[in-house]
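Beneath this line is the structure, given in structure tokens, with notes to follow.
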Amino acid sequence: MFEVARWKLTAWYLLIIMIVSLLFSAAFYNSSTREIQRIIDRVQFDQRREFAPGMRVLFAQPARSAPSLDELELLKKRSFMGLIIVNGVILVFAGAAGYFLAGQTLKPIQEMVNEQSTFISNASHELRTPLATLRAQLEGSLLEKRLSDPKARQLIHSNLEEVFALQSLTDHLLQAAQSDVLETETAKEQLSLVEIVTSAQKKVSTLAAAKNITFKVKIQDAVITGSSAQLTEAVIILLDNAIKYSPENSRIVITSRLKSSVVELAIIDKGRGISPRDLPHIFERFYRADAARSQKEGYGLGLSIAKKIIESHDGQIGVTSTFGQGSSFIVTLPLS
Ligand code: ADP
């Protein structure tokens, strides 16, 4: 992220410096050539007068000290070449200086972002243990036969749901923070797309079963390169959303097809869809569509993490959706 920003900033610095330098050079070249042209005109005029009959006696003054026409033309060419060389040197020097200065400008911001990410990742780590304990205790209480009061059981159930949501938030925060700090570190294993999808599908099977949602899988296998854990996580996020935003008893279709050097994986649901107003923003961090805000689970982090994972694998993620009818998330990944 910062390397791209550094190059962009360098390009801006360079653009400004080169505009100033070129404008200055053009003005300088213009005034110097006008001066040279004036001298050329005068020399030509003197030469014409020298050869004009009758005028010779009166005006003939041999202009020995005046430069010849060829010399003046050469001077014009030389000043043009000189300006090109000077601008070339400025371009190289300003490029190097701009790159250095851009690095210096971005350094404190980068340090701040790193500190923030470390803080978030530490905080999420610290929250994991108490949440796991709380979850175990609540689950234990629900298993307790002596706890017969239905109201108490309901309360524990709802607390357990909140704990699930908080656990998913801390996991996602941890992933988001780590992807900021370790953005370039992607494992390079040879992976099977079918294995990734199957393992992701297994992880969400309980959620799907709870809503009686079925999967229709029609996958053409493909070998891709990257991190199995990260890519599985990206598919889990997409499947989890498809389940979350689909009605009970519906079906989710998972398909893939090979297209020259890439494979396209599509996850299609017949859920509530996304409104055109929300569509451009759903991959932003913490963005949740209005309709989703009323729902408990989810904090608007999933898709931003999925996008980051896919892009770190040189892939792309896109969505088409019709509000009220369903959505198709399409992931494109390069083949090994
Ligand atoms: P969340 O945790 O809120 O689901 P995400 O980043 O995963 O966060 O998704 C962002 C928003 O995109 C969601 O709040 C929801 O409005 C919308 N969205 C994502 N996937 C779907 C889907 N399959 N169907 C409808 N809306 C979706």
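Since this is a predicted model, take the numbers as computed values, not measurements. Order of listing sets the numbers, starting from 1, for every ligand and every atom in it.
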Numbering the atoms of ligand 1 from 1, which are under 4.0 Å from a heavy atom of [X]?
X	answer
K244	1 (P), 2 (O), 4 (O)
Y287	10 (C), 11 (C)
L301	6 (O), 8 (O)
G302	5 (P), 6 (O), 7 (O)
I274	25 (C), 26 (N), 27 (C)
A289	14 (O), 16 (O)

Say whether I305 and L207 are linked into one hydrophobic cluster, either directly or through other cluster members, by side-chain heavy-atom distances under 4.5 angstrom.
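Hydrophobic grouping puts I305 with L207.
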Between K76 and Q37, is a side-chain hydrogen bond (donor to acceptor under 3.5 Å, both in side chains) present by the stated rule, with each step listed?
CA-CA 9 Å; K76 232 168 128 177; Q37 194 57 51; 3.2 Å; yes
Pairs flagged by salt bridge (charged side-chain N to carboxylate O under 4.0 Å, His left out) wherever residues 134-145 is involved - sequence neighbours left out:
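Listed once each, the pairs are R135-E139, E144-R146.
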Passes side chain to side chain contact (heavy atoms under 4.5 Å, CB included), R257 versus L265? Steps please.
CA-CA 7 Å; R257 60 180 174 152; L265 173 74; over 6 Å; no
Touching ligand 1 at all, G271? Heavy atoms, strictly under 4.0 Å?
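Per 4.0 Å heavy-atom rule, G271 does not contact ligand 1.
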Under 4.0 angstrom from ligand 1, any heavy atom of F283?
no
May I ask you to check whether [X] has an N/O atom sitting below 3.5 Å from an N/O atom of ligand 1?
X	result
N241	yes
G300	yes
I237	no

Hydrophobic cluster of L155, others only, ordered by chain and residue number, side-chain cut-off 4.5 Å:
none
Could you walk me through whether E284 and H281 pass the side-chain hydrogen bond (donor to acceptor under 3.5 Å, both in side chains) check?
CA-CA 5 Å; E284 290 166 16; H281 305 289; 3.0 Å; yes
Under 30°, 30 to 60°, or over 60°: which ring-plane class applies to F283 and F329, parallel, tilted or perpendicular?
perpendicular
Exercise: do T170 and S124 side chains pair donor with acceptor under 3.5 Å
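No, no side-chain donor-acceptor pair sits under 3.5 Å.
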Is the shortest heavy-atom distance from the side chain of F2 to the side chain of I109 under 4.5 Å?
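Contact flag for F2/I109 side chains = yes.
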Only heavy atoms count here, so choose which of R285, H172, R288, R272 is nearest to atom 3 (O) of ligand 1.
R288
Which of these, D269, I268, L238, L279, has its nearest heavy atom closest to atom 23 (N) of ligand 1?
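Nearest option to atom 23 (N) of ligand 1, by heavy atoms: D269.
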